[in-house]
There are 2 protein chains.
Amino acid sequence: MSSKHWTDTFPPLQKLPQEIFAQLRQATLIVELPEGSRIFGPGQAPESFLLLLTGTIRVQQTSESGREIVLYRVQAGESCALTTACLMGYEEYQAEGIAETPIRAVAIPRALFDQLIATSREFRQFVFTAFSRRITNLFRVIEEVAFERIDVRLAQKLLELAGAKQQVVATHQDLANELGSAREVITRQLTEFARRGWLRVARGIVEITDRPALARLVQRS
Amino acid sequence: MSSKHWTDTFPPLQKLPQEIFAQLRQATLIVELPEGSRIFGPGQAPESFLLLLTGTIRVQQTSESGREIVLYRVQAGESCALTTACLMGYEEYQAEGIAETPIRAVAIPRALFDQLIATSREFRQFVFTAFSRRITNLFRVIEEVAFERIDVRLAQKLLELAGAKQQVVATHQDLANELGSAREVITRQLTEFARRGWLRVARGIVEITDRPALARLVQRS
DNA sequence: GAGGGTCTGTAACTAAGTCACCGAGACCGT
DNA sequence: ACGGTCTCGGTGACTTAGTTACAGACCCTC
C-alpha cells in the first residue's frame with residue numbers, strides 16, 4: 001500500500017472525532033472489483049455503505065423493450081447515494097450499477113455507518129450532501145430527457161465524455177444508451193455533425209474536430 | 001385543536017426516546033398555508049424540515065421554453081426529501097413545491113432535526129426511507145418520460161388523478177404539465193380516447209366512462 | 001350582449017423513434 | 001489467405017410526438 005491512507009481522499013472524514021476516525025481506519029474493508037462488475041442491481045441489495053476511492057461506477061436503467069439510459073456516474077471521492085438509501089430504507093430499486101473501470105472502494109458495514117451518522121455532524125453533512133447532489137442531478141436528467149433536443153443532448157454528452165481528450169471511444173449504440181435514445185437516431189445526428197465538419201466518425205470512435213461548434217450548439221439550446 | 005396530537009400521524013416518531021419526543025411535541029411549530037402557496041423554489045431555500053400533516057405538495061419543474069413536468073407529490077404523513085437534502089447539504093435545486101390544497105405541516109428547526117437524526121435510529125430510518133422512496137420514484141419518472149408512449153402515460157395519469165372518483169378536474173394544459181408534454185398532444189389523445197368511448201371531455205373536466213379499457217392500455221404497455 | 005380571457009380543436013409541418021434490411025469491417029479458426 | 005460469423009454503421013420508409021399558427025367555443029364581467 002502507499003503511505004497515504006484512504007481516508008485522505010475524503011476531507012469531511014478528517015474532522016471526525018478521534019475514536020470514530022480510528023475505528024474507521026481499522027474496521028473497514030477495502031474492496032477491489034474489475035471493470036464491468038455489477039456493483040448492485042435489481043434483486044441485489046448492497047450490504048454496506050460504499051465510498052469510492054478510485055474508478056467510476058455507471059448507474060443505468062433498462063426498459064423492458066431493451067432501451068437503456070445512464071442516470072449518473074459515481075466518481076472517486078463520492079458515495080453511492082442509492083446504496084445508502086437502500087441500506088437505510090427498505091425500498092428496492094430497479095437501476096443497476098456497473099464498474100466502468102477497475103474500482104477500489106471502502107465498504108463501511110451497516111452498523112458502523114449507523115454509528116458514524118449518529119456521532120458525526122460532518123459525516124451526516126457528507127451523506128446528505130451526496131443525496132442532495134444526486135437528486136438535483138436527477139432533476140436535470142428529467143428536464144433534459146423531457147425537453148431538450150437530441151442534437152443538443154448528443155453534443156453535450158460528446159463534450160462531457162471527451163473531457164480534455166479529442167476523441168470519444170464509444171459505439172453509436174453506447175451513445176444511444178447514454179441518452180436513452182435509439183441507435184439510428186444517433187447515427188443520423190453524427191452523420192449530420194460530420195457533414196458540418198464538427199467531427200469525424202470511425203468504427204467505435206468519434207473524433208471531435210470542432211469543439212467550439214459543438215459547445216455553441218449546446219449554448220444556444 | 002383536536003385531542004389527537006400531530007405526532008400520532010407519524011408512527012416512526014412514536015418510538016423516539018421520551019425526552020426527545022417531549023421536545024418534539026413542544027418545540028416544533030405548526031405552519032398552515034393556503035392552496036397555491038409556493039413552499040419552496042429556485043432561490044428560496046427552506047429553513048426547516050417539513051413533515052406534512054394534511055394536504056398535498058406538488059413538486060414540479062419548468063423549462064426555459066415554459067414547458068412543465070410534475071416530478072412527484074408529497075402526501076400527508078410524508079416529509080419532503082428535497083427540503084431535507086437542501087437543509088443538510090448545500091446544493092441548490094431548480095424545482096419548486098406548490099401547495100395543491102391548503103396544507104398543515106410541522107416545521108422542525110434545523111438544530112432539532114440534527115439532534116433527532118443523531119439520537120434516534122427510528123428517525124434516521126424514517127428520513128432515509130423517504131429519500132429512498134423519492135429516488136426510486138424519480139427513476140420511474142425518468143423511465144416513463146424516456147421510454148413510455150404518451151397514450152399509455154396519459155391513461156395511467158388519468159387513472160391516478162381520478163382515484164376512486166369518475167372524473168378528473170384538469171384542463172388539457174394541466175395534463176400536459178403533469179406529463180411534460182404539449183397541450184395539443186393531450187387534446188389529440190383525449191379526442192382519440194373519447195372516440196373509443198373510454199371517456200367524455202368537457203371544459204376543464206375529463207369524465208372516465210370505461211376505466212377497464214384505460215387500465216388495459218396501461219397493462220399492455 | 002359586448003368584449004376580454006381562457007380553453008379546446010385542427011391542419012401542416014418538423015423532430016424523434018421504429019422497423020427492416022444491407023453492407024462494411026473486424027475477428028477467428030483452419 | 002480464405003471463408004464464416006459477428007458487430008457496427010448506414011439508409012429508406014414509416015409512425016409517433018412535439019411545434020407553429022390560427023380559429024372557434026365557452027365563460028365571466030361589466
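Naming: A, B, ... by sequence-line order, numbering from 1 per chain.
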Grab the CD-C1' distance between B:E148 and C:dG17 for me, whole Å please. 14 Å
Between C:dC7 atom C1' and B:L175 atom CG, what is the distance in whole Å? 13 Å
What is the separation between atom CG on B:D151 and atom C1' on D:dG18, rounded to the nearest whole Å? 15 Å
Residues within residues 177-198 of chain A bordering DNA chain D, heavy-atom distance below 4.0 Å: A:R183, A:E184, A:T187, A:R188
Tell me what A:R153 touches on the nucleic acid: a base, only sugar-phosphate, or nothing, going by heavy atoms under 4.0 Å. nothing
Do the side-chain N or O atoms of B:H172 get closer than 4.0 angstrom to the phosphate oxygens (OP1, OP2) of C:dT6? no
Please compare A:Q173 and B:I150 by the position of their nearest nucleotide in DNA chain D and report the one closer to 5'. A:Q173
Roughly how many Å is it from CD1 in A:I205 to C1' in C:dG25, rounded to a whole number? 13 Å
Rounded distance (Å) that lies between atom P of D:dG18 and atom CD of B:E68: 16 Å
Residue mapping more 5' on DNA chain D - nearest nucleotide basis, A:V201 or A:F147: A:V201
note: A:L199, atom CG; D:dG9, atom C1'; distance rounded to Å ~ 15 Å
Please test B:R140 against B:E143 for salt bridge (charged side-chain N to carboxylate O under 4.0 Å, His left out), starting from the C-alpha separation and ending with a verdict. CA-CA 5 Å; B:R140 238 196 41 237; B:E143 182 167 3; over 6 Å; no
Whether A:R110 engages the ring of A:F49 as a cation-pi pair (distance to the six-membered ring centre under 6.0 angstrom, angle to the ring normal within 45°) should be assessed. no
Under a 4.0 Å N-O cut-off, is there an ion pair linking A:E68 with A:R58? no
Check: B:L33 main-chain N/O paired with B:S37 side-chain donor or acceptor under 3.5 Å: no
Could you measure the distance from the CD atom of B:Q125 to the CG atom of A:D114? Nearest 0.5 Å is fine. 8.5 Å
Whether B:F131 and A:F131 hold their rings parallel, tilted or perpendicular, with breakpoints at 30° and 60°: parallel
Specify the separation, in whole Å, of atom CZ of B:R203 and atom P of C:dG9. 10 Å
Is any N or O donor-acceptor pair between the side chain of B:R149 and the base of D:dT16 shorter than 3.5 Å? no
Can you name the closest pair of heavy atoms from A:R211 and A:K165 and give their distance? NH2-O, 2.6 Å
Would you mind telling me which of C:dG17, C:dT6, C:dT8 lies closest to the side-chain atoms of B:T171? C:dT8
